[in-house]
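Encoded as structure tokens, the structure appears first; notes follow it.
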Amino acid sequence: MTRLSLFSIYASILPNFPPSKPLPSATPSSLRHRLRRSSPLISTAALLSDRRRPGEQLQLLSYCSEQRCKQLGEDLEINGDIRTFSVGKSWQIYNCAKLSLVLVGPQLAKKIRALASYRDYTFAAYGNDIGVFKRAHQVATWSRHNAKVNLLLLFGEHVLSVDVEGNVFIWAFKGTDENPSPVGHILLDNEFTPSCIMHPDTYLNKVIFGSQAGSLQLWNISTKKKLYEFKGWNSSISCCVSSPALDVIAVGCADGKIHVHNIRYDEEVVAFSQTTRGAVTALSFRTDGQPLLASGGSSGVISIWNLEKRRLQSVIRDAHDSSVISLHFFANEPVLMSTSADNSIKMWIFDTRDGDPRLLKFRSGHSAPPLCIRFYANGRHILSAGQDRAFRLFSVIQDQQSRELSQRHVTKRAKKLKVKQEEIKLKPVIAFDVAEIRERDWSNVVTCHMDTPHAYVWRLQNFVLGEHILTPTTDIQAPVKACTISSCGNFAILGTAGGWIEKFNLQSGMSRGCYVDMSEKGSCAHDGEVVGVACDSTNSLMISAGYNGDVKVWSFKGRELKSRWEIGCKVVKIIYHRSNGLLASVTDDLVIRMFDVVALKMVRKFEGHTDRITDICFSEDGKWLLSSSMDGTLRIWDVILARQIDAIHVDVSITALSLSPNMDVLATTHVDQNGVYLWVNQAMFSGAPHIDSYGSGKEVVKVKLPSISSGGGGEVSKDDGGSDNKPPTFTNSQPPQLLDKQIPDLVTLSMLPKSQWQSLINLDIIKERNKPIEPPKKPEKAPFFLPSIPSLSGEILFKVATTDQTTDEEKGTQADDHFHKVTNLPSSPFVQYIRSSVETKNFEGLTDYLKSFSPSTLDMELRMLQIIDDDEEQEPEKRPELLILELLLEYLIHQVSHGNNFEFIQALIRLFLKIHGETMRRHSKLDKLLEAQSGIWQKLDGMFQSARCMVTFLSNSQF
């Protein structure tokens, strides 16, 4: 198995750097003098709507507005504003009209620390390098910094990059392919540690740097000189933005104060202090005529300040659950966009009577690592529960369908009680079960929550918390630890930490009895915590396991104990497969034991993990068992063969996993990772592999986590021993077969793409459709005399100048193909391969050789064998072309008789008869081919007819 792509986005936090001391400042008069004397080099950074604040920690770091970006690329139309977000080691482009994902950038080597964009160009700073991307393709890499690049600023047709050591490089991104070197370099003062950068409007060639010591410096980029230094406010500057009013900027400090400052006269206009503790992390001015300033803090609160009245206008207290990373007012619109480290993007609109903002739309993921995941709806969705108290539904197909399940008026209750929404939400989910059969009738999900003595039900049809709360009727209130839903979807069974097991009706929420073992103390099911419960497919048996190692089988309806057995050590988790009746248990001795519930005996035992096993799951057919551990490994066990068939090691340990019903996608969650990771099962797409080609317990392949883009991540690296381990992929030219012999009366497919063998049949139609509309045009500067070479036919052939790509071997092959009919020169490699393969009976090798050709190449090779002068009186020994066709017929007869590569051979037969049918119409081997074809198609037709009759019978039957 190998990686597919990262499913949901996760947060990344940048470190803070130590402050440094400010330098003495100049006088305001000298500042105004230097402003007047500055000469233009770079044009002003345009409008307020085009400004961006690079170097922020997460999410919204830059954007392309609609005024400048009418079209992203050639085939992507932009309707509404486009925003670029950094997500870990990659970046994404969203259309803000619907907050829909437009484009995903490639995976980078390190996390993105700063981002800027201009039309279809994106600039990402990661580590000491800066990547230049045109759409999703990297066109250049700027590598002049010797320290981490922390800030980026788009400045006209240039990009300014600033590292932590104070080096500022100026790059010209137009024509960067020809000249990747910077056009300028500025070294800031040694004691000046830059923390932000901005360009004040109408100040030609000027930028302002903010420092961690609290001072500001104004620099001329053209002359590379410092013009003025503002004393500052003795607090680290975290952000600064330009206002619609000329010469006025807003500065946010780490002490929670906001300073609106006039940089022309070095005077403070007004100062605000946030009502909550923490630094000011983001600022943005409203540009539609209203004198408003939005500020975001490290506590997740967004404050709206009225600049005209110089007071606080409104506060969004529950805007985000973590630090606000970026704020941006849309140009000339009452819409504010905010992003946060809680993995969310939110848009607020100011359309109420009192001027307060309300939430317009948002996109979010888990703000804390997920604890439990499960595939749902035939693998189209994933249910996940995280430490952030959220229960979410992710869509594997369309990300816009992902959402958080409602917990019924959390926002209204939080406002009424004047508390945070997190305090109103349910506690984190530790276990849940789902049944799809009753989705339209009543609640079909049951969840157990941390330190909660009851379970909750959810209705996925409405994406809302159900109306019933399932509370066990025991005298001792203990947290619910395990739950399951019956196969019919009518009942839910709960197990508590006190050993109590009770059955509930999901439709009414009423109790339907408890399971009691009279031999246990306290009249309960287990002496200790219930770690797992399960039901069989016919509602006949209920299986439960206690932490002390006792597994019990109960009558589902009668609730009496039928049998029990002791494992011998502490049980951590159990999972039951309803189709094969096998129960897998995880114990604290790092061993997975598998039991037959009917036979009441252990049938399998899997060992190999070296640390705590976090999760296990069965495949849909019950043939595979997947397990994850804190040792960083994911192991796949074959239940039938009782052995490990694959093992991979990831950098971050897996905490939960789930395999889709189609067994094509595996979902995993990891320690301290907010995303759900998806892996693809290569065995589903690469043919039938040999079992020995899988990994063993001693061969663990080390891979990286899946990336958010398809271009990177999931690479295989060396193991601890330093040797190269090959990944369990099956892409050889001759894939090994799972069985030594063909199954009688069946056919096997070639596993080729459908387009390859279909194009072989319809090649004439494709050529006719792709025929050029216009004739080739004469070159503008063609020589008057064209060199020519003699030919056997007397036709004039022009000698075209060729490159060195044509090797001597290719020239010899072309000459051999042209003259082999009239001379005794050796035949082509295609003919030689056919002759040697048929003589040695290596038909499989010939098949692989033919499958390696493209449809057009195979058609050309077969046409090269076409006989032009059809002389039937000539003896076959004197006609080598006919002998080659006979060998091809012998090969086709063999393949049809054995049923190998069925669809490819059928397409090859059609092409062969289309080209050589007239020549071979009287050949005796053609009758044998017809006989073999008739026999195999009669068998297939009989099997199809039997399947159709069985399906018709079952569809008309009433059970």
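Here the structure is a predicted model, which is why all the values come from computation and not from measurement.
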Original post:
How many angstroms lie between CH2 in Trp305 and CD in Gln313, if you round to the nearest 0.5 Å?
Top reply: 11.5 Å

**OP:** Could you go through the ring-ring contact (aromatic ring centres under 6.0 Å, His included) check for Phe173 and Tyr118 one step at a time?
**Re:** CA-CA 10 Å; Phe173 61 86; Tyr118 175 76; 5.4 Å; yes

Is a salt bridge present between [X] and [Y], judged by a nitrogen-to-oxygen distance below 4.0 Å?
| X | Y | answer |
| --- | --- | --- |
| Lys110 | Asp129 | no |
| Asp351 | Arg358 | yes |
| Lys425 | Asp388 | no |

Pair [X]-[Y], side-chain donor/acceptor within less than 3.5 Å:
| X | Y | result |
| --- | --- | --- |
| Gln217 | Asp189 | yes |
| Asp247 | Tyr265 | no |
| Ser211 | Ser215 | yes |
| Ser338 | His320 | yes |
| Trp91 | Thr122 | no |

Original post:
How close do Leu283 and Gly252 get, heavy atom to heavy atom, and via which atoms?
Top reply: CD1-N, 3.5 Å

Subject >> Backbone of Lys309 reached by a side-chain donor or acceptor of Asn306 within 3.5 Å >> reply: yes

Original post:
So, does Ser90 use its side chain to make a donor-acceptor pair with the main chain of Gln107 at under 3.5 Å?
Top reply: no

Original post:
How are the rings of Trp171 and His145 set relative to one another: parallel (under 30°), tilted (30 to 60°) or perpendicular (over 60°)?
Top reply: tilted

**OP:** Classify the angle between the aromatic ring planes of Phe209 and Trp219 as parallel (below 30°), tilted (30 to 60°) or perpendicular (above 60°).
**Re:** perpendicular

**OP:** Kindly indicate, with the supporting measurements, whether the criterion ring-ring contact (aromatic ring centres under 6.0 Å, His included) is fulfilled by Trp142 and Phe169.
**Re:** CA-CA 10 Å; Trp142 297 336; Phe169 286 97; over 10 Å; no

Original post:
Counting only heavy atoms not in Asp354, do more than 12 sit closer than 6.0 Å to its CG atom?
Top reply: yes

**OP:** Verify the neighbour count for atom NZ of Lys361: are there more than 12 heavy atoms of other residues, nucleotides or ligands below 6.0 Å?
**Re:** yes

**OP:** List in chain and number order the residues that pass side chain to side chain donor-acceptor pair (under 3.5 Å) with Asn262, two or more places apart in sequence or in another chain; answer none if no residue qualifies.
**Re:** none

**OP:** Could you please spell out the steps behind the side chain to side chain donor-acceptor pair (under 3.5 Å) verdict for Thr276 and Ser299?
**Re:** CA-CA 7 Å; Thr276 57; Ser299 60; 3.2 Å; yes

**OP:** Start with the C-alpha gap between His261 and Glu268, add the side-chain angles, then the distance that decides, and say whether side chain to side chain donor-acceptor pair (under 3.5 Å) holds.
**Re:** CA-CA 4 Å; His261 199 76; Glu268 186 171 287; 4.9 Å; no

Original post:
Can you find a pair of side-chain heavy atoms, one from Ser314 and one from Pro357, that are under 4.5 Å apart?
Top reply: yes

**OP:** Would you please indicate yes or no on a ring centroid separation below 6.0 angstrom for Tyr121 and Phe133?
**Re:** no

Subject >> Sole residue of Pro244, Pro291, Pro334 in side-chain contact (heavy atoms from CB on, under 4.5 Å) with Arg286 >> reply: Pro334

